[in-house]
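First up is the structure itself, then whatever we jot down about it.
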Amino acid sequence: MVLEAAIELRKLGNSNLMLTPLGLGCWQFSNGKGMVGKFWPVLRREDVLKIVQTSLQGGMNWFDTAEIYGGGQSEQILANALKEIGSPAADHAYIATKWWPVFRTAASIKATIDERLRLLDHRTIHLYQVHQPYSFSSVASEMNAMAELVKQGKIKHVGVSNFSAQKMREADRVLQEHGLRLASNQVKYSLLDRRIERNGILDTAKELGIAIIAYSPLEQGILSGKFHKDPALVKSITGPRKWASAFRTSGLQKSKPLVDMLEQLALKYDASPTQIALNWMIHANGETVFAIPGASKVHHAEENVKAMKFSLTDSEIDHISMISHQVLK
């Protein structure tokens, strides 16, 4: 039995935000709307409320949403839940959201910010991120627009998402011309997807003091081990993720050695494979990496917060890393 430790806050990159290592990813609050909303089942209002409340009560202090998640549905549902909870933790929760750039220009950043604020019930946007590197405008134009929003007091800090090392460096350079710094780059990162360790993104983040916010840190639930125990569960998945190669029989066989390792450590820590995977994520690179696991059920939220209340040893982190590399070969 390993005793639970208090959750230590850490600074988000070059910002002054003191956040828990895990925040709640809110893609699943899309209400089945929009081009990406159908990825998850529609959640009942009372379930959303319990998920948000459980996250807050467990010590988590920030939430990540986006304009594209249900066309603002996720932002509004999150804000409504925080308002209904009405606790000090809910009132002071940090909010990160994202502007959708595809088929738009940087002018849209300023043109749509009031709608973001309206849907978020005029809560502070602590971190505003460019969701993708693809738009009709340059990185410089986007960062200039973001800097203007900071000066206007409409957002606190600037982040990006899915940016390459080169584009991340360019974004930070332009922000510095305004006396600002790039706070974060939100990218896909998990024990089954470690591309940012090879393509310069992680190294550049460490060099420039930029935080990495890992999305899909559990590889859409693969690292929970439940699909390895019962492959028939794949048939019950809603949305397009069921067609991903990781969920096929061959994919499950490939990742099994890693899941077996996570299950062994889970016994030691009175935890779950999910919690071991998340703990690796937030400790394997010092304080650079944050993660935003989602939660479509209350027990997912409970698992998330408990994953921050212990620390794997350095040797355990190294061993997990080694098995992960072997599986990815």
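Because the structure is a prediction, the values reported are computed rather than measured.
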Side chains of Y189 and I201: does their closest heavy-atom pair fall under 4.5 Å?
-> no

So CD1 of I196 and CG of L202: to nearest 0.5 Å the spacing works out to 4.5 Å

Between Q275 and S272, is there a donor-acceptor pair closer than 3.5 Å when you use the side chain of the first and the backbone of the second?
-> yes

Give a yes or no on whether the backbone of T65 and the side-chain of K98 come within a donor-acceptor separation of less than 3.5 Å.
-> yes

S324 side chain to I320 backbone, donor-acceptor under 3.5 Å | no

Does a side-chain N-to-carboxylate-O contact under 4.0 Å join R118 and E115?
-> yes

With hydrophobic residues grouped by side-chain heavy-atom distances under 4.5 Å, do W99 and V158 end up in a single group?
-> yes

Are the charged groups of E170 and K167 less than 4.0 angstrom apart, N to O?
-> no

With distance as the sole criterion, is a donor-acceptor pair present between the side chains of N80 and Q76 under 3.5 Å?
-> no

Decide, yes or no, whether a salt bridge links K297 with D47 under the criterion of side-chain N to carboxylate O below 4.0 Å.
-> no

Is it true that a side-chain atom of S161 and a backbone atom of Q186 form a donor plus acceptor pair closer than 3.5 Å?
-> yes

Are L12 and Y128 connected in a single hydrophobic cluster, I mean Ile/Leu/Val/Met/Phe/Trp/Tyr linked by side-chain heavy atoms less than 4.5 Å apart?
-> no

Hey, what do you get for CZ (R45) to CG (L49), rounding to the nearest 0.5 Å?
-> 6.0 Å

A295 versus L43, closest heavy-atom pair with distance | O-CD1, 4.5 Å

For the residue pair S190 and M281, what are the closest heavy atoms and their distance?
-> CA-CE, 3.5 Å

Can you measure from NZ (K268) to OG1 (T313) and round to the nearest 0.5 angstrom?
-> 5.5 Å

Could you tell me which non-hydrogen atom of V305 sits nearest to which non-hydrogen atom of S55, and how far apart they are?
-> CG1-O, 3.6 Å

From CA spacing to verdict: side-chain contact (heavy atoms from CB on, under 4.5 Å), H122, L117 = CA-CA 5 Å; H122 300 284; L117 289 164; 4.2 Å; yes

Just by distance, do the side chain of N14 and the backbone of L208 share a donor-acceptor pair under 3.5 Å?
-> yes

Can a donor-acceptor pair be found between the side chains of N144 and H178 at a distance below 3.5 Å?
-> yes

Common cluster, L56/V298, ILVMFWY with side-chain heavy-atom separation under 4.5 Å = yes

To the nearest 0.5 Å, what is the distance between CE (M18) and CH2 (W62)?
-> 13.5 Å

Spell out, as yes or no, whether a donor-acceptor pair under 3.5 Å connects the side chain of D64 to the backbone of G25.
-> no

Are L192 and S255 close enough, and set up right, to give a side-chain contact (heavy atoms from CB on, under 4.5 Å), and what steps lead you there?
-> CA-CA 8 Å; L192 290 173; S255 57; 4.0 Å; yes

Can any side-chain N or O of N162 pair as donor or acceptor with the backbone N or O of Q132 at less than 3.5 Å?
-> no

Residues K50, E46: salt bridge by 4.0 Å N-O rule | no

Determine yes or no for a side-chain-to-main-chain donor-acceptor pair under 3.5 angstrom, with R10 supplying the side chain and F290 the backbone.
-> no

Going by atom types only, do H157 and N16 share a side-chain donor-acceptor pair under 3.5 Å?
-> yes

Taking atom types as modelled and ignoring hydrogens, do the side chains of T97 and R116 form a donor-acceptor contact shorter than 3.5 angstrom?
-> no

Exceeds 12 heavy-atom contacts within 6.0 angstrom, atom NZ of K83 = no

Heavy-atom closest contact (L278 atom, A307 atom, distance) = CB-CB, 3.9 Å

Side-chain heavy atoms of F310 within contact of N279, under 4.5 Å | yes

Evaluate the ring planes of Y69 and W27, with Trp represented by its six-membered ring, and classify them as parallel (under 30°), tilted (30 to 60°) or perpendicular (over 60°).
-> parallel

State whether the side chain of S184 and the backbone N or O of A211 hold a donor-acceptor pair below 3.5 Å, judged by distance alone.
-> no

Taking 4.0 angstrom as the limit, do E67 and R104 come out as a salt bridge?
-> yes

Would you give the length of the straight line joining atom CD1 of I125 to atom NZ of K156, rounded to the nearest 0.5 angstrom?
-> 11.5 Å

Path from Y269 to I323 over hydrophobic side-chain contacts below 4.5 Å | yes

Between W280 and V289, is any pair of side-chain heavy atoms under 4.5 Å apart?
-> no

Candidate pair D172 and Q176, rule side chain to side chain donor-acceptor pair (under 3.5 Å), full reasoning = CA-CA 6 Å; D172 187 52; Q176 286 187 59; 3.0 Å; yes

Does any N or O in the side chain of S74 come within less than 3.5 Å of the main-chain N or O of C26, such that one atom is a donor and the other an acceptor?
-> yes

What distance separates E207 CD from T288 OG1, expressed to the nearest 0.5 Å?
-> 12.0 Å

